[in-house]
Amino acid sequence: MIKRSFRNLTAASILAGATHGAIAQTPMPQTPTTKIPSVGTFAPGTDMSQVQRILPAEVRETAQLYLDGKIDQWYSLEDRPGVVFILNMTDTQAAHAVLEELPLGKAHLMTFQLTPIGPLNPLRQLLAPAVPH
């Protein structure tokens, strides 16, 4: 049931994107940012022994951000050293500032790519009043 619903939402998203230019209509409102996934990685050639020395402080401060409600979820990257944080923030500049204050950010050892996300905007198509034929 959930898989079918997800497929239907995905299809609606693709259809809405494909037909957006084909159907004359008012543009969809901008999607509000509700979370910010951030991918933290190390530059090639990073001294990983320096990272290991800083890591205990990094973990403590990251756990504090979780307890403060700024980090909703946290993951490790599987294909390389790094992390993914799902932030409970709506402002990418504020999120970047928070991450740069972590010990690895202060030491310029980890950089973050931030991607603001929000509700699936094409769902608005499903909520629009039916157009009479």
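Note that the structure is predicted; figures quoted are calculated from it, not measured.
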For this session: Would you please classify the geometry between the F85 ring and the W74 ring as parallel, tilted or perpendicular, with 30° and 60° separating the classes?
Result: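 It falls in the tilted class, 30° to 60°.
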
For this session: Examine distances only and state if a side-chain atom of E61 and a backbone atom of L102 form a donor-acceptor pair shorter than 3.5 Å.
Result: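 No: the side chain of E61 does not pair with the backbone of L102.
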
Exercise. Is V83 reachable from F42 through a run of hydrophobic residues whose side-chain heavy atoms are each under 4.5 Å from the next?
Worked result: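 Yes; V83 is reachable from F42 via cluster members.
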
Does [atom1] belonging to [X] count more than 12 external heavy atoms closer than 6.0 Å?
X: Q113; atom1: CD; value: no
X: Y66; atom1: OH; value: no
X: K70; atom1: NZ; value: no

Exercise. Can you check whether L99 reaches H96 side chain to side chain, under 4.5 Å on heavy atoms?
Worked result: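 Contact flag for L99/H96 side chains = no.
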
To the nearest 0.5 Å, how far apart are [atom1] in [X] and [atom2] in [Y]?
X: N88; Y: L65; atom1: CG; atom2: CG; value: 11.0 Å
X: E101; Y: K106; atom1: CD; atom2: NZ; value: 5.0 Å
X: I71; Y: L87; atom1: CD1; atom2: CG; value: 6.0 Å
X: I117; Y: I36; atom1: CD1; atom2: CD1; value: 9.0 Å
X: E58; Y: Q52; atom1: CD; atom2: CD; value: 11.5 Å
X: L55; Y: T62; atom1: CG; atom2: OG1; value: 8.5 Å

What are the two closest heavy atoms between [X] and [Y], and how far apart are they?
X: P37; Y: I86; value: CB-CD1, 3.9 Å
X: V98; Y: M89; value: CG2-CE, 3.9 Å
X: P103; Y: I54; value: CB-CG2, 3.4 Å
X: T34; Y: G118; value: OG1-CA, 3.5 Å
X: P119; Y: T31; value: O-CG2, 3.0 Å

For this session: Begin from the C-alpha positions of T41 and M110 and carry the test side chain to side chain contact (heavy atoms under 4.5 Å, CB included) through to its verdict.
Result: CA-CA 5 Å; T41 57; M110 180 171 274; 6.0 Å; no

